Enquirer: 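Here it is, the structure, as structure tokens.
Scope of the values below: all heavy atoms of this structure, side chains included, with no hydrogens, waters or symmetry mates. What you see is a predicted model, and the numbers here were worked out from it, not measured in a lab.
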Amino acid sequence: AGDFGDLKMLVDVAAAAGMTVVQLLPVNDTTVHGTWWDSYPYSSVSVIALHPLYLRLQPLVAAGAALAAFEGNAGNSTLFAGLQAEVARAAATLDTKEVDYEATMRVKMSVARRCFDATRTAFLSSPALVAFLEENQVWLKPYAVFRVLADVFGTAQHWRWGTMGAGDAAAVVSRLSAPDSHLFPAVAAHYYVQFHLHHQLLAAAAHAGRRGVVLKGDLPIGVDKASVDTWTHPELFRMDTSTGAPPDGFDPNGQNWGFPTYNWDNMAKDGYAWWRGRMTHLERYFSAMRVDHVLGFFRIWELPGHTRTGRMGRFRPSLPVRRSELDARGLWFIDRLCDPHITARLLKETFQDRDGEVAGRFLDKSGSCQLPDGSSTTTYCFKPDFATEEGLLESDAFKVRGGSPDWLVAETAAMRAGLLHLQHNVCLLRDPLDPDAFYPRIEMDKTHSFQELQDWARHGLSWLYDDYFHHRQDALWRENARRTLPALMTCTGQLVCGEDLGMVPPCVPPVLEELG
């Protein structure tokens with residue numbers, strides 16, 4: 001895998017070709033799972049810490065060897081000679097067409113830790129480290145403690161750490177980062193890695209400046225739920241929600257990124273200090289910054305935490321459809337509009353001769369209803385264990401043993417997809433906090449629930465749908481962006497660039513032009 005040292009070569013290539021900008025993907029640490037899943041660059045475990053994947057090992061080994069020679073430490077000289085050979089072998093072995101993320105991370109973290117252990121006393125007392133720690137302790141100490149606790153507990157999901165995760169994070173950081181803490185050597189090892197990452201990226205940025213090439217960074221819109229930021233600043237996030245994107249031409253099911261949405265009201269209380277801290281820190285390395293999913297500063301597609309797809313969401317912030325608006329159009333049958341509309345006829349259409357099996361395993365009878373043709377049909381509701389996407393998609397009912405025949409795998413997948421389709425068969429979504437607020441389900445007109453309503457009801461809902469998605473939010477979203485985006489732009493000298501795809505509201509281009 002490339003490292004920050006390789007950036008200098010990339011800059012040289014760009015300069016030789018007459019190019020003046022090199023844009024990078026996000027370089028934040030994404031070590032959440034300890035597997036190749038962490039190679040996704042937009043799921044930050046810290047919005048400040050740099051990713052150890054980009055650490056160049058050779059300078060660490062060379063510095064350790066020089067110190068050992070200066071001190072006349074024969075044991076360490078032997079150690080670093082061995083590490084130098086190990087790094088060379090690993091570089092040759094891992095120089096393949098595709099990056100072996102897990103193997104690369106194992107080598108880099110192992111070698112870095114041994115370098116640190118052998119030079120720990122000199123490193124921790126060095127003026128350079130003391131200055132670095134003093135300047136960066138606000139984020140560095142929490143990050144280092146977080147990484148250590150994730151290793152201790154075997155998970156970065158801090159809500160599973162007992163009192164360590166549920167209590168006062170600042171107090172935990174203060175206690176475990178103290179030099180007399182039994183975990184301090186492990187904590188300080190992360191100082192060591194971040195110290196060298198910082199100086200290596202800084203050197204690459206300085207080289208780019210000398211060659212007349214702009215380094216352009218990438219600012220992810222979200223953070224992982226299992227991150228140091230959600231642990232230390234839970235008030236800034238809505239941890240019971242997920243961020244994503246509504247269905248579109250790129251993905252008919254929408255996208256569910258799994259990131260918590262932001263509590264902008266709480267962020268505003270200190271003038272968006274969390275955002276300003278991110279931007280000012282990244283300015284050390286980058287002269288320009290791409291703001292990922294800039295639409296998120298106007299509005300974000302928010303999904304309940306139990307969802308796994310991107311369909312059943314709504315925009316935040318947004319002006320909901322009020323109960324009074326529904327009543328004025330005669331749409332007073334709220335449960336019919338908000339609950340999955342599951343009829344015997346729809347079961348037969350979806351599952352054919354397996355409709356009885358599906359009804360018995362996953363559903364309960366709830367009554368009956370009249371169809372548009374005047375006939376009556378039995379209605380069903382989901383059993384509680386299967387009433388959410390989480391409960392349905394993670395159920396043991398759909399686990400298939402390895403080696404099962406293809407027809408069984410396909411049949412099981414089809415049943416699960418059909419049940420998910422039934423879950424999504426609603427016209428409106430309830431607001432969990434306001435019983436009089438509702439949100440039209442995206443692509444409502446494609447649902448059986450909508451199509452089986454009478455004409456007058458469909459017309460009334462269609463008007464509200466069009467108003468919600470295309471008219472009533474414009475002023476709200478414009479003002480939201482005018483409050484939030486300046487926090488990024490006024491605290492930095494970087495060129496701030498917005499980029500996005502998908503459903504772009506008409507208010508976006510003029511606001512971006514207005515803000516410059």
Enquirer: Is it true that Ser318 and Tyr439 share a donor-acceptor pair across their side chains at a distance under 3.5 Å?
Expert: no

Enquirer: Just so I know, are the side chains of Leu512 and Glu514 near enough to count as touching, which here means a heavy-atom distance under 4.5 Å?
Expert: no

Enquirer: Is the Phe469 ring parallel, tilted or perpendicular to the Tyr465 ring (thresholds 30°, 60°)?
Expert: tilted

Enquirer: Determine whether Tyr192 and Leu60 make a side-chain contact, defined as any pair of heavy atoms from C-beta on separated by less than 4.5 Å.
Expert: yes

Enquirer: List the residues meeting side-chain contact (heavy atoms from CB on, under 4.5 Å) with Ala205, not counting sequence neighbours, and say none if there are none.
Expert: Leu215

Enquirer: Let me check something: any side-chain donor-acceptor pairs from residues 147-154 under 3.5 Å, sequence neighbours excluded? List them with distances.
Expert:
residue: Arg147; atom: NH1; partner: Asp29; partner atom: OD2; Å: 2.8
residue: Arg147; atom: NH1; partner: Tyr143; partner atom: OH; Å: 2.9

Enquirer: Quick one: are the ring centres of Trp231 and Trp159 less than 6.0 Å apart?
Expert: no

Enquirer: Can you check whether Val223's main-chain N or O pairs, donor with acceptor, with Ser227's side chain at less than 3.5 Å?
Expert: no

Enquirer: Does one side chain, of Thr388 or Glu390, offer a donor that lies under 3.5 Å from an acceptor on the other?
Expert: no

Enquirer: If every non-hydrogen atom of Cys491 is compared with every non-hydrogen atom of Glu283, which pair is closest and at what distance?
Expert: O-OE1, 4.2 Å

Enquirer: Quick one: sort the Phe297 and Trp264 rings into parallel, tilted or perpendicular, breaks at 30° and 60°.
Expert: tilted

Enquirer: Sequence neighbours left out, what passes salt bridge (Lys or Arg N to Asp or Glu O under 4.0 Å) with Asp224? Give chain and number order.
Expert: none

Enquirer: Does the pair Lys8 and Asp6 meet the rule for a salt bridge (charged side-chain N to carboxylate O under 4.0 Å, His left out), with working shown?
Expert: CA-CA 5 Å; Lys8 295 180 181 179; Asp6 294 325; over 6 Å; no

Enquirer: Considering only heavy atoms from C-beta outward, does the side chain of Arg441 approach that of Arg311 to under 4.5 Å?
Expert: yes

Enquirer: With sequence neighbours excluded, tell me which residues meet ring pair (Phe, Tyr, Trp, His ring centres under 6.0 Å) with His33.
Expert: Trp37

Enquirer: Side-chain donor-acceptor pair under 3.5 Å between Asn136 and Trp139, yes or no?
Expert: yes

Enquirer: Using atom types as modelled and distance alone, determine if a side-chain donor or acceptor of Gln423 lies under 3.5 Å from a backbone N or O of Phe386.
Expert: yes

Enquirer: What pairs of donor and acceptor atoms, side-chain ones from residues 170-178 against any protein atom, are under 3.5 angstrom apart with sequence neighbours left out?
Expert:
residue: Ser177; atom: OG; partner: Val173; partner atom: O; Å: 2.6

Enquirer: Should the pair Tyr262 and Phe237 be assigned to parallel (<30°), tilted (30 to 60°) or perpendicular (>60°) ring geometry?
Expert: tilted

Enquirer: Are any of the side-chain heavy atoms of Glu499 and Val291 separated by less than 4.5 Å?
Expert: no

Enquirer: Could you tell me how the ring of Trp301 sits relative to the ring of Phe315: parallel (under 30°), tilted (30 to 60°) or perpendicular (over 60°)?
Expert: perpendicular

Enquirer: If you define the side chain from C-beta out and look only at heavy atoms, does anything of Asn28 sit under 4.5 Å from Leu50?
Expert: no

Enquirer: Checking ring-ring contact (aromatic ring centres under 6.0 Å, His included) between His293 and each of Tyr42, Phe259, Trp257, which is the one that passes?
Expert: Trp257

Enquirer: Given side chains that start at C-beta, do those of Lys399 and Thr412 come closer than 4.5 Å, heavy atoms only?
Expert: no

Enquirer: Are side-chain heavy atoms of Tyr468 and Arg314 found at a separation under 4.5 Å?
Expert: yes

Enquirer: Report yes if some heavy atom in the side chain of Thr30 is under 4.5 Å from a heavy atom in the side chain of Ser39; otherwise report no.
Expert: no

Enquirer: Using modelled atom types only, decide if a donor and an acceptor are shared between the side chain of Thr307 and the backbone of Leu303 within a distance under 3.5 Å.
Expert: no

Enquirer: Determine yes or no for a side-chain-to-main-chain donor-acceptor pair under 3.5 angstrom, with Glu86 supplying the side chain and Val111 the backbone.
Expert: no

Enquirer: Distance to the ring centre below 6.0 angstrom and angle to the axis at most 45 degrees; does that hold for Arg278 and Trp274?
Expert: yes

Enquirer: Under the rule for side chain to side chain donor-acceptor pair (under 3.5 Å), what residues qualify as partners of Thr243, not counting sequence neighbours?
Expert: none

